[in-house]
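Worksheet: one structure, shown below.
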Amino acid sequence: MLSKGNFHRLWVPYIPMGSPGLPGIISPMSYGLGWMVHHYRGHQGGEHGGNIDGCSALVFLLPEDDFGAVVLTNANGTSATSAIAYEAADRLLDLGDTDWMKMLSGGGGGATGDVKPETIDTKPIPDTKPSRDLSAFSGTFFHPVYGELDVKMGD
């Protein structure tokens, strides 16, 4: 029903979602074709969840690892669906240990500490300068999620 080529197109990021992800664990998410695609601990992945009146669901896939989890809960808008799916992936693929319920509920701990996007300060620090000449940042760079990026000097 779905060719191998079209299957791979499902996992191509088309629209960035604007979330920072969890540094070193989950890359920033993008919309693919019906999936929120990202890299989970370096593994290409995708997920799609949903909530309705007292129920939450999540389908989480790591297609290159032949791994998938479907988590269904009797709780509305809970992070437990992600916590259970990530924990299953960590255990079955031997990817490390994280206290996912603590991490996703905002309690910190786990593998990355208390990572909350709203607490990341992105303002420049006064009276500082880059550690390298700006020309060192020019060039063509590649990222497996975003593809090629050309950085050029200008005003």
Side-chain angles (χ1 to χ4, degrees), residues 1-123 136-152:
M1 261 173 83
L2 186 64
S3 72
K4 190 173 186 176
N6 281 337
F7 177 79
H8 290 292
R9 291 180 70 191
L10 296 174
W11 308 103
V12 174
Y14 290 100
I15 303 170
M17 293 175 61
S19 73
L22 289 171
I25 297 179
I26 301 172
S27 67
M29 289 195 191
S30 297
Y31 285 114
L33 295 178
W35 295 98
M36 280 139 322
V37 295
H38 55 77
H39 280 76
Y40 178 80
R41 297 188 187 264
H43 300 253
Q44 183 183 31
E47 58 188 78
H48 200 292
N51 300 287
I52 190 168
D53 301 339
C55 301
S56 293
L58 178 71
V59 177
F60 176 72
L61 302 172
L62 300 176
E64 294 174 356
D65 297 286
D66 294 326
F67 174 83
V70 176
V71 182
L72 308 171
T73 67
N74 290 332
N76 192 45
T78 179
S79 58
T81 53
S82 296
I84 293 166
Y86 299 161
E87 180 71 22
D90 290 349
R91 288 181 182 216
L92 292 172
L93 300 174
D94 197 25
L95 298 177
D97 293 321
T98 301
D99 184 347
W100 281 111
M101 281 308 294
K102 188 174 184 181
M103 175 79 72
L104 296 176
S105 67
T112 61
D114 191 9
V115 179
K116 293 182 182 177
E118 63 273 12
T119 64
I120 299 172
D121 187 2
T122 58
K123 293 184 236 86
F137 298 99
S138 296
T140 300
F141 302 90
F142 177 80
H143 187 278
V145 173
Y146 302 109
E148 283 192 5
L149 173 70
D150 290 318
V151 177
K152 298 177 180 165

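Everything quoted here is computed from the prediction, not taken from an experiment.
- Atom CG of Leu2 sits in a crowded spot, with more than 12 heavy atoms from other residues, nucleotides or ligands closer than 6.0 Å.
- In this structure, the separation between CG on Leu22 and CE on Met103 is 6.0 Å, given to the nearest 0.5 Å.
- Ring geometry for Tyr40 against Phe60 counts as perpendicular: the plane angle is over 60°, on a 0 to 90° scale with 30° as the lower cut.
- Contact detail for Pro63 and Gly45: the closest heavy-atom pair is CD-CA, 4.2 Å.
- Closest non-hydrogen pair, Ser27 versus His39, comes out as OG-N, 2.7 Å.
- Counting heavy atoms from C-beta outward, Thr98 and Arg41 have side chains that approach closer than 4.5 Å.
- Taking the side chain as every heavy atom from C-beta outward, Ile26 and Tyr86 approach each other to under 4.5 Å.
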Would you list the atom pairs, donor with acceptor, under 3.5 Å between side chains in residues 7-17 and any protein atom, with sequence neighbours excluded?
residue, atom, partner, partner atom, Å
Trp11, NE1, Phe7, O, 3.4

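- Between His143 and Leu149, every side-chain heavy-atom pair lies at or beyond the 4.5 Å cut-off.
- The number of heavy-atom neighbours closer than 6.0 Å to CG of Asn74, taken from other residues, nucleotides and ligands shown, is 12 or below.
- In terms of heavy-atom proximity, Leu104 sits nearest to Ala83 at CD1-N, 3.6 Å.
- Here the closest non-hydrogen pair linking His43 and Leu62 is O-CD2, 4.1 Å.
- Residue Phe137 places its CZ atom among more than 12 non-hydrogen atoms of other residues, nucleotides or ligands, all under 6.0 Å distant.
- Between Glu148 and Phe141, the closest side-chain pair of non-hydrogen atoms is not below 4.5 Å.
- For the pair Leu72 and Ala57, the tightest heavy-atom approach, listed with the atom from each and the gap, is CD2-CB, 3.7 Å.
- The shortest heavy-atom contact between Thr78 and Ser56 is N-OG, 3.5 Å.
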